[in-house]
Amino acid sequence: MRLSKLFTKTNKNVSSDETSRNARLLIQAGYIYKEMAGVYAYLPLGLRVVENVKRIVREEMNSLGASEIIMTNLQRQELWQKTDRWSDEAVDIWFKSKLKNDTEVGLAWSHEEPITDMMKSFVSSYRDLPVNVYQFQTKLRNELRAKSGIMRGREFVMKDLYSYSKDDVEHQNFYDEVTKAYLRVYDRVGIGDRTYVTYASGGAFTKFSHEFQTITDAGEDIIYLDKHKKLAINKEVYTDEVISHLGLTKDNLEETKASEVGNIFSFGTIKSEQLGLLFTDQNGDDKPVVLGSYGLGITRLIGVIAEVFADDKGLVWPEAIAPASVILINLGLSKEVIDSAEELYKTLTMAGIQVIYDDRDARAGEKFADADLLGIPHRVVISEKTINQSRYEYKARQSDNVELVDKENLFKILGINS
Ligand code: ATP
Ligand code: MG
């Protein structure tokens, strides 16, 4: 990617009505565009980050043996009426609309009901189970307050997974595997050390659900966490009973602000009973299917990562999800400098490294400031000076240390076998 060809531009002036730090930085750097409060478009660099996170999540979902699908955004009223989740009193974030013939439809805020109903077409015997499906979908929620940038969108990307099991044992095994897969995702995107399995409300069957909460001041939740046991309790269920049930003690719990980057639920057989998803077991008896539901907020996760790593110069992306690994800058427009930069651009790209080449005719200060704002992990500069010394100038985004390195060392830093 050449910056001269990228239509987005960095812009330090963001409207003061955008108060969240993640959105301000992402807008400044040209990753997102604000359509209205809580509604953001993803531009080329932002989309790359989204796709990188999705790739990691997809790998982990596939490792569970789940199949990827895409359900629809328009949903039938009757399905949600059967489970008492259609009314605005039951679910306060519905967007609803009507077909031309006045039939009411709901805009997808979640998918338990439609997927469970769909499974009636495919599941009838114990031989058909278990089934595990997931999707990446743009969810629509009419959130009352949308002041946390992409951490709380009225339109946002979620990965949602649904499990259909024969019995509680099969369900619980899968649930535990999903918990581990989620923790691997948070590790891989760089926030494993600050993300906690958290006891929370919700889940029709167990009364409780498990959230994954990442410590950040930008979070909207309060949790009480035990750093040693790596376990936390959401304020909403923080009682003496829950504390002792989890084998924790009040003295070891620390109150912290956090953001919910995932939430997994056991629904038991309630929804299958309400919607009529039954299967015949080995004895020929009809039984309702056991449902699990597992959400992970893709765009919220990106907002959280922006918040926790950014510094006063701009974004700082962990290598695994950065829109590029290297930002290559040429200083000066002499043929020598351009040729050398073009050559390195080609070599790195051929080696499978994602490079943003800042080939613009701009001042050094502007290029450096933009490289910092964009948050690309590695910065490589080529100038008359570096060429004369047969070196490259290298700086990591997270360090102030500027070094002159030869090609061999540069490749070593970037993890290329030469
Ligand atoms: P919250 O309590 O923050 O409103 P929720 O409990 O309603 O979230 P879930 O229904 O559990 O959300 O959705 C699964 C995941 O989707 C959440 O854990 C979160 O990561 C993400 N998510 C939920 N709402 C939003 C939103 N408005 N914008 C971005 N991500 C969201
Ligand atoms: Mg939740």
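Numbering of ligands and ligand atoms starts at 1, following listing order.
- Using a cut-off of 4.0 Å between Lys/Arg side-chain N and Asp/Glu carboxylate O, Glu60 and Lys180 are scored as not salt-bridged.
- Checked against the 6.0 Å centroid criterion, the rings of Phe212 and Tyr186 qualify as a close aromatic pair.
- Counting heavy atoms only, Glu143 comes closest to atom 27 (N) of ligand 1 of the residues Met151, Arg141, Glu143, Arg145.
- Atoms of ligand 1 lying under 4.0 Å from at least one heavy atom of Gly153, given by number and element, are 26 (C), 27 (N), 28 (N), 29 (C).
- When only non-hydrogen protein atoms are considered, atom 3 (O) of ligand 1 lies nearest to Arg152 NH2, 2.7 Å.
- Looking only at atom types and distance, the side chain of Tyr40 has a donor-acceptor partner in the side chain of Glu18 under 3.5 Å away.
- Using modelled atom types, one finds no donor on one side chain facing an acceptor on the other under 3.5 Å when comparing His210 with Thr198.
- The shortest N/O to N/O separation between Glu260 and ligand 1 falls below 3.5 Å.
- Residue contacts with ligand 1 leave out Thr299, since none of its heavy atoms falls under 4.0 Å from the ligand.
- Within the protein, the N, O or S atoms lying under 2.8 Å from the Mg ion (ligand 2) are Glu260 OE2, Asn263 OD1.
- With salt bridges taken as basic N to acidic carboxylate O contacts below 4.0 Å, none links Glu51 and Arg48.
- Ligand 1 lies less than 4.0 angstrom from a heavy atom belonging to Gly262.
- Side-chain contact of Asn401 with Ser399: a donor-acceptor pair under 3.5 Å is absent, judged by distance alone.
- A salt bridge is absent between Arg2 and Asp358; no separation between the charged side-chain nitrogens and carboxylate oxygens falls under 4.0 Å.
- When Met158, His111, Lys159 are each tested for a side chain to side chain contact (heavy atoms under 4.5 Å, CB included) with Gln137, only one passes: His111.
- The option from Phe212, Tyr294, Phe156, Phe265 that lies nearest to atom 26 (C) of ligand 1, judged by heavy atoms, is Phe156.
- Of the polar atoms of Met158, none of the N or O atoms is found under 3.5 Å from an N or O of ligand 1, judged by distance alone.
- For the residue pair Thr179/Asp176, the side-chain donor-acceptor check at 3.5 Å is not satisfied.
- Looking at Arg300 next to ligand 1, an N or O pair under 3.5 Å apart turns up.
- At the shortest separation from atom 15 (C) of ligand 1 among protein heavy atoms lies Gly297 N, 4.0 Å.
- With a heavy-atom cut-off of 4.0 Å, Val261 touches ligand 1 through its backbone alone.
- A side-chain donor from one of Glu68 and Tyr134 sits under 3.5 Å from a side-chain acceptor of the other.
- Glu220 and Arg145 are not joined by a salt bridge, as no carboxylate oxygen comes within less than 4.0 angstrom of a charged side-chain nitrogen.
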